[in-house]
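For reference, the structure is listed below as C-alpha cells.
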Number of protein chains: 2
Amino acid sequence: MTPPYDFAMETQPQAQPHTPGKAGGKSHRKPPGNPQGGPAAGARPLRADAERTVATILEAAERTLGRDPAATMEQIAEAAGVARTTVHRRFATREALVDALAVWATRRFAAAVEAAHPETAPPLVALYQTTANVLAIKAGWGFAMSQASSSNPEVAHIHADVRSTCERLFARARDAGVLRADVDIPWTRGVYYALIHQAAQRKDEQDPDALATLVVDTLLRGAGTPHPDRL
Amino acid sequence: MTPPYDFAMETQPQAQPHTPGKAGGKSHRKPPGNPQGGPAAGARPLRADAERTVATILEAAERTLGRDPAATMEQIAEAAGVARTTVHRRFATREALVDALAVWATRRFAAAVEAAHPETAPPLVALYQTTANVLAIKAGWGFAMSQASSSNPEVAHIHADVRSTCERLFARARDAGVLRADVDIPWTRGVYYALIHQAAQRKDEQDPDALATLVVDTLLRGAGTPHPDRL
DNA sequence: ACAACTTGCAACACGGGTGATGCAAATAGC
DNA sequence: GCTATTTGCATCACCCGTGTTGCAAGTTGT
C-alpha cells in the first residue's frame with residue numbers, strides 16, 4: 001500500500017509492513033533527547049551533531065520508505081550515511097522511527113494548511129492557497145504523509161483537525177455560492193483529497209500553483225461541458 | 001496501505017511487504033496444474049478437488065490480504081481452512097500466490113470493462129456502465145486490484161489495455177460534446193480512477209449503480225455552482 | 001585540553017516467516 | 001475396487017530483520 005496516502009486517500013487497514021521481532025526485548029537505554037517527540041522536555045537535549053544526525057536519518061527514511069515502504073533499517077541507515085546501530089540509537093524501534101517521521105511531517109502539514117487561513121480568507125482564495133501549500137508539502141513528504149492512520153495520537157488528532165477545517169471551509173464555500181447548495185460535503189472532501197493526491201503523483205512536477213489551479217478547477221467544474229442537457 | 005489501489009490510484013513504488021526467505025532454496029517439485037497461470041498447458045490438469053482448493057485459497061487470500069497486506073501464509077491458510085503446506089503446494093512462493101491472485105482479479109476486471117462496451121456504446125452510457133461494473137469488482141477484490149503495478153506481464157498488459165480503452169472512451173466523449181473540447185485526457189483519466197477508488201472506499205456500501213452515478217456526476221459537473229463568474 | 005557525548009564496527013541473541021520433506025489417511029476418477 | 005492424487009501433520013533448515021552490547025576512535029562544547 002504501499003499503500004493509501006493520507007491527504008488524498010483514505011483506505012482503511014494499511015498494516016505496517018514487516019515487524020518480525022515484535023516480541024523482542026525492550027530498550028534498556030532510551031535515547032536521551034526527544035527528537036521531534038513532543039513536549040516531554042525531561043531529558044538532556046541532544047548535542048548539535050546528534051541533532052543533525054536525527055534530521056539526516058528522518059530525511060533518508062522519507063526518501064527510502066517513499067520508494068519502498070518495506071525498506072529495512074539497514075537500507076535507511078545506508079541512505080542516511082550512518083551505521084544501522086546509530087539509527088537504533090536514535091529510534092528505539094522501527095515503529096518509533098516511522099512514528100517520528102509521521103509527526104514531523106504532519107506538523108509541517110498542519111502549518112501549511114493553517115498558513116492559508118482556511119477559516120478566514122474568502123473561500124475560493126483559501127481553497128487555492130490551501131491546495132498549493134499542501135501540494136508543496138506532499139511533494140517531498142509523500143511517505144510520511146501516508147501515515148495519517150497512525151496510531152500516534154498527535155498525528156491522528158492533527159489529521160482529524162485538518163479534516164474538519166477542510167469541511168468547514170467547504171461549508172463556507174457552499175454558503176458563499178461557490179459550491180452547489182446540495183453538495184455532499186464529506187464526499188466532496190474525499191474527492192478533494194483524492195484530487196490532491198492525484199496531482200501530487202504527477203512526476204512531471206509542475207509548480208504547486210499550476211497544480212493547485214488544476215485541482216481546484218477540476219473540483220469545481222469537473223470535466224464535462226458547461227451545461228448540455230445530458231441525462 | 002493500504003496501500004495504492006490500481007483503478008483509482010497510481011502510486012509508483014509499492015513494494016510487496018515481507019519477503020525474508022528470498023534466498024532460500026528453489027522448489028524441487030513444482031505444482032502440477034497451472035492455476036490461473038496462463039497458457040502453459042503442459043502439465044496434467046488438477047483434479048477437481050484440488051482445483052476447488054486453489055479457488056478457496058485465492059478467495060481467502062483476497063479477504064486476508066485485504067485486511068492486512070502483510071498477512072502471513074499461515075493466516076491465509078487458516079482463512080482458507082487448509083494447512084499451510086497445502087498453500088505452498090499450490091503456490092510455490094508467496095510471490096506466486098499474490099501474482100496468481102492479481103492475474104485472477106485482473107482478468108475479471110478486464111471482462112467487467114469489456115462488458116460495458118466502452119468502445120461502441122454511446123459515451124455517456126458506456127461511462128456509467130463501465131463505472132458500475134468496475135465498482136462491483138472492486139468491492140470484492142480490493143487487494144488483488146491493488147496489484148496493478150505487478151511485475152507480472154499479463155497483469156501489466158491488461159491494465160495498460162484498460163488504460164487506453166479508457167482514454168479512447170474519453171476521447172469519444174469529448175468528440176461527442178460530453179467532455180469539454182479542451183480536457184487533458186490523461187489527467188481526466190487519473191481523476192476518474194481516483195473517483196472510482198474514492199467511491200469504492202465508502203464502507204456504507206450502496207449499490208454500484210448509485211455509486212456510479214455519483215462518480216460520473218462528480219467527474220462531469222464537479223462540485224461548483226453551474227456558472228458563477230468566479231475568477 | 002578535558003570531560004562528556006556520539007559514532008562505527010563487530011558480534012550476538014532472538015523470533016518469525018518461508019520453503020522443503022516424508023508419510024499416513026482420505027478422496028477422486030475410471 | 002483399484003490406483004493416482006491430494007491433504008494434514010510433524011519436522012527441519014534457513015535466512016532475514018530487529019534489537020542489544022561493548023569498545024575504540026572521533027567530535028563537541030566549555
Side-chain angles (χ1 to χ4, degrees), chain A residues 15-33 35 43-57 60-61 64-65 68-78 80-99, chain B residues 15-33 35 43-57 60-61 64-65 68-78 80-99:
Chain A
Q16 198 54 225
H18 207 271
T19 311
K22 70 172 61 169
K26 61 279 295 184
S27 342
H28 57 121
R29 183 183 48 167
K30 299 169 100 171
R44 181 202 316 89
L46 290 180
R47 218 170 66 180
D49 55 346
E51 202 80 57
R52 217 177 311 134
T53 300
V54 168
T56 304
I57 293 173
T64 309
L65 294 172
D68 173 11
T72 69
M73 295 292 261
E74 177 77 58
Q75 294 174 287
I76 295 172
E78 187 185 348
V82 301
R84 186 175 65 88
T85 46
T86 297
V87 177
H88 275 103
R89 240 191 294 266
R90 294 302 158 212
F91 304 96
T93 70
R94 183 186 213 283
E95 191 189 348
L97 169 57
V98 174
D99 214 64
Chain B
Q16 198 54 227
H18 208 270
T19 310
K22 70 171 61 169
K26 60 279 296 185
S27 340
H28 58 121
R29 183 183 48 165
K30 298 166 103 172
R44 182 203 314 91
L46 289 180
R47 217 169 67 180
D49 55 345
E51 203 79 58
R52 216 178 312 133
T53 300
V54 167
T56 303
I57 292 174
T64 309
L65 293 173
D68 172 11
T72 69
M73 296 293 259
E74 178 75 56
Q75 293 175 288
I76 294 172
E78 186 185 349
V82 300
R84 185 175 67 88
T85 47
T86 297
V87 176
H88 274 104
R89 240 190 295 266
R90 296 301 157 214
F91 304 96
T93 69
R94 185 201 164 79
E95 190 188 349
L97 170 57
V98 173
D99 214 62

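Quick caveat, the model's predicted, so the values are computed rather than measured. A note on names: the letters A, B, ... follow the listed sequences, proteins ahead of strands, and every chain is numbered from 1.
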Between D:dG19 atom C1' and A:Glu95 atom CD, what is the distance in whole Å?
-> 14 Å
Here the pair of heavy atoms bringing B:Ala71 nearest to B:Thr64 is CB-CG2, 3.5 Å
Using only side-chain N and O atoms of A:Arg84, determine if any of them is under 4.0 Å from OP1 or OP2 of D:dG19.
-> no
Grab the CZ-P distance between A:Arg94 and C:dG16 for me, whole Å please.
-> 17 Å
Which pair of non-hydrogen atoms, one from B:Thr72 and one from B:Arg94, has the smallest distance, and what is that distance?
-> CA-NH1, 4.1 Å
Rounded to the nearest 0.5 Å, the CZ atom of A:Arg89 sits from the OG1 atom of A:Thr85 at a distance of 5.0 Å
Bending between helix ends of the helix from C:dA1-D:dT30 to C:dC30-D:dG1 [5 pairs per end, 10° resolution] = 50°
Check: A:Phe91 and A:Val54 side chains under 4.5 Å, non-hydrogen atoms = yes
Does a nitrogen or oxygen in the side chain of A:Thr72 sit under 4.0 Å from OP1 or OP2 of D:dG17?
-> no
Figure out the CD/C1' separation between A:Glu74 and C:dG8, and round it to whole Å.
-> 12 Å
Atom CZ of A:Phe91 and atom P of D:dT18 are separated, to the nearest Å, by 15 Å
Does any non-hydrogen side-chain atom of B:Val82 lie less than 4.5 Å from one of B:Thr53?
-> yes
Heavy-atom pair of closest approach, residues A:Ala77 and A:Arg84 = CB-CA, 3.7 Å
Audit row: B:Leu97, B:Ile57, side chain to side chain contact (heavy atoms under 4.5 Å, CB included) steps and yes/no | CA-CA 9 Å; B:Leu97 170 57; B:Ile57 292 174; 4.1 Å; yes
Remember a base hit wins even if backbone is also touched, and classify B:Thr85 as base, sugar-phosphate or nothing at under 4.0 Å, heavy atoms.
-> base
Between atom NE2 in B:His88 and atom P in D:dA10, what is the gap in whole Å?
-> 18 Å
Minimum-distance nucleotide (side-chain atoms of B:Arg90 versus C:dG19, C:dG8, D:dT6) | D:dT6
Could you tell me whether A:Glu95 atom CD has more than 12 heavy atoms of other residues or ligands within 6.0 Å of it?
-> no
A:Leu97 CG to D:dT18 P, in whole Å, measures 10 Å
Not counting sequence neighbours, which residues clear salt bridge (Lys or Arg N to Asp or Glu O under 4.0 Å) with A:Glu78? List them please.
-> none
What string of B, S and - do you get for nucleotides 23-30 of chain C, 5' to 3', if B is base contact, S is sugar-phosphate-only contact and - is no contact with any protein heavy atom under 4.0 Å?
-> ----BSS-
Closest to the side chain of B:Leu46, out of D:dT6, C:dT18, C:dT7, is D:dT6
Quick one: is D:dT6 close enough that its OP1 or OP2 comes under 4.0 Å of any side-chain N or O from B:Thr86?
-> no
